[in-house]
Amino acid sequence: MGTISIEHGDRLFWLGRYTERVFTTLKVLEKYYDKMIDENPQFYVEYLNSFGLSDIYGSSDKFLKSFLYEKENPNSIANSLERAYDNGIVLREEISTDALSFIQMAMDTLEKTKDSSRGLILNLLPLEDILFGFWGCIDDYILDEEIKTIIYCGKCVERLDLYLRLGYDFKAAEAEFARLCKYLARVPKNTPYRYNTKQLSVLVETLGTPEDYRMGKSDAISALGRLFEKLK
């Protein structure tokens, strides 16, 4: 097994992050959608507050349209899918054309639902299945464990980052951190694309107990953002 270049390592890592961002965001928006329908149409503002974003939308309908379909919105599902595809097309030999085709299928499916009259939940269900298909290809077609490991590190970092920002309970964050550590242990020591041990130590300290988790979320988010960096 050859080592992965810094550039390709970065693309593999962000392929994992962006694809997971789409999936977890879909799941979270489903929950917020239910609360906007059943409880409070302005409930989406809580979602925005979790990411330090201002309410420039004024209504749940405009918020959902932007966060689902507007590529210009850096926080939208459409934007994340496009960025995942941009990385994937450079990596198509590493990840397989089948895996790349699932990202394209997700983009096409999202576009087709833009003007659908069906409910949001029905629109989003096919996207979740398509993303499961993508991860199935990653598992089946990638034989190089270094490539697969870096993608899954990105996936775990993204999910844990979203869990922290959205206030998931300690058990959920602890389980995802354990999963991340499992993949970090598989990163070859001689690869030029590797994780920062100092930032990992911060994560260990801030995710050790429920109290540490409650008090150290901002430090954990910062450490996650610096865990993998391009090394000069």
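Along the sequence shown, residues carry numbers from 1.
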Heavy-atom side-chain proximity of Phe51 to Leu166 below 4.5 angstrom: yes
Contact summary for Leu100 and Gly88, nearest pair of heavy atoms: CD1-C, 3.6 Å
Carboxylate-amine/guanidinium proximity below 4.0 Å for Asp61 and Lys65: no
Validation row: Glu146, Thr191 side chains within 4.5 angstrom (heavy atoms): yes
Side-chain donor-acceptor contact under 3.5 Å, Asp219 with Ser222: no
Close side-chain approach of Met36 and Pro41, heavy atoms under 4.5 Å: no
Test of ring centre spacing under 6.0 Å for Phe132 and Phe23: yes
Transitive ILVMFWY side-chain link Trp135 to Tyr141, under 4.5 Å: no
Arg17 CZ to Asp161 CG distance, which is reported to the nearest 0.5 Å: 5.5 Å
Derivation of the side-chain contact (heavy atoms from CB on, under 4.5 Å) call for Leu184 and Leu227: CA-CA 10 Å; Leu184 291 177; Leu227 186 59; 4.2 Å; yes
side-chain contact (heavy atoms from CB on, under 4.5 Å) evaluation trace for Ser5 with His8: CA-CA 5 Å; Ser5 69; His8 268 218; 3.4 Å; yes
Lys35 and Asn40, any side-chain heavy atoms less than 4.5 Å apart: no
Leu207 with Met215, same ILVMFWY side-chain cluster at under 4.5 Å: no
Distance flag, aromatic centroids of Tyr47 and Phe43, threshold under 6.0 Å: no
Asp212 and Thr209: CA distance, side-chain angles, deciding distance, side-chain hydrogen bond (donor to acceptor under 3.5 Å, both in side chains) verdict: CA-CA 5 Å; Asp212 293 335; Thr209 68; 3.0 Å; yes
In one Ile/Leu/Val/Met/Phe/Trp/Tyr side-chain cluster, 4.5 Å: Val202, Leu180: no
Distance, nearest 0.5 Å, that separates CG of Leu124 from CG of Leu110: 8.0 Å
Atom of Glu176, atom of Leu160 and distance for their closest heavy-atom approach: CG-N, 4.0 Å
For Lys217, side-chain contact (heavy atoms from CB on, under 4.5 Å) partners two or more places apart: Leu164, Tyr213
ILVMFWY network linking Ile4 to Leu143, side-chain heavy atoms under 4.5 angstrom: no
Short side-chain donor-acceptor distance under 3.5 Å, Gln42 and Ser60: no
Residue from Asn87, Thr19, Asp86, Ile150 passing side chain to side chain contact (heavy atoms under 4.5 Å, CB included) with Trp14: Asn87
From OG1 (Thr113) to CG (Leu68), nearest 0.5 Å: 7.0 Å
Check: Glu20/Thr24 side-chain N/O donor and acceptor closer than 3.5 Å: yes
Salt bridge present between Arg214 and Glu211 (N-O < 4.0 angstrom): yes
Approximate separation, where rounding is to 0.5 Å, of Ile89 CD1 and Leu15 CG: 12.5 Å
Close side-chain approach of Tyr32 to Asp34, heavy-atom, < 4.5 Å: no
Tyr152-Tyr183 aromatic ring centre distance below 6.0 Å: yes
Worked verdict on Val187 versus Cys153 for side-chain contact (heavy atoms from CB on, under 4.5 Å): CA-CA 9 Å; Val187 176; Cys153 282; 4.1 Å; yes
Phe67 vs Ile77, side-chain contact (heavy atoms from CB on, under 4.5 Å): CA-CA, chis, key distance, verdict: CA-CA 6 Å; Phe67 270 71; Ile77 286 173; over 6 Å; no
Minimum heavy-atom distance Ser76-Glu70, with the two atoms named: OG-O, 2.7 Å
Test: Glu128 and Lys27 ion pair at under 4.0 Å: yes
Side chain Lys71, main chain Asn79, donor-acceptor under 3.5 Å: no
Minimum side-chain heavy-atom gap Leu48-Tyr57 below 4.5 Å: yes
Where Leu200 and Cys181 come nearest, the two heavy atoms and their spacing: CD1-SG, 4.5 Å
Closest non-hydrogen atom pair between Ile138 and Ala99, with its separation: CD1-CB, 4.2 Å
Spatial distance of atom CG (Asp108) from atom CD1 (Ile103) [nearest 0.5 Å]: 12.0 Å
Test side-chain hydrogen bond (donor to acceptor under 3.5 Å, both in side chains) applied to Asn73 and Ser66, step by step: CA-CA 7 Å; Asn73 183 344; Ser66 179; 2.8 Å; yes
Validation row: Leu127, Val22 side chains within 4.5 angstrom (heavy atoms): no
Shortest non-hydrogen contact from Glu158 toward Arg21: OE2-NE, 2.9 Å
Phe134 ring center within less than 6.0 Å of Phe102 ring center: no
Atom pair CG/CE of Asp129 and Met105 - distance to nearest 0.5 Å: 11.0 Å
Polar side chain donor-acceptor pair, Ser59 to Tyr44, under 3.5 angstrom: no
Side chain Ser50, main chain Glu46, donor-acceptor under 3.5 Å: yes
Parallel, tilted or perpendicular, as decided by the 30° and 60° cut-offs, for the rings of Tyr193 and Phe13: tilted
All salt bridge (charged side-chain N to carboxylate O under 4.0 Å, His left out) counterparts of Lys62, not counting sequence neighbours: none
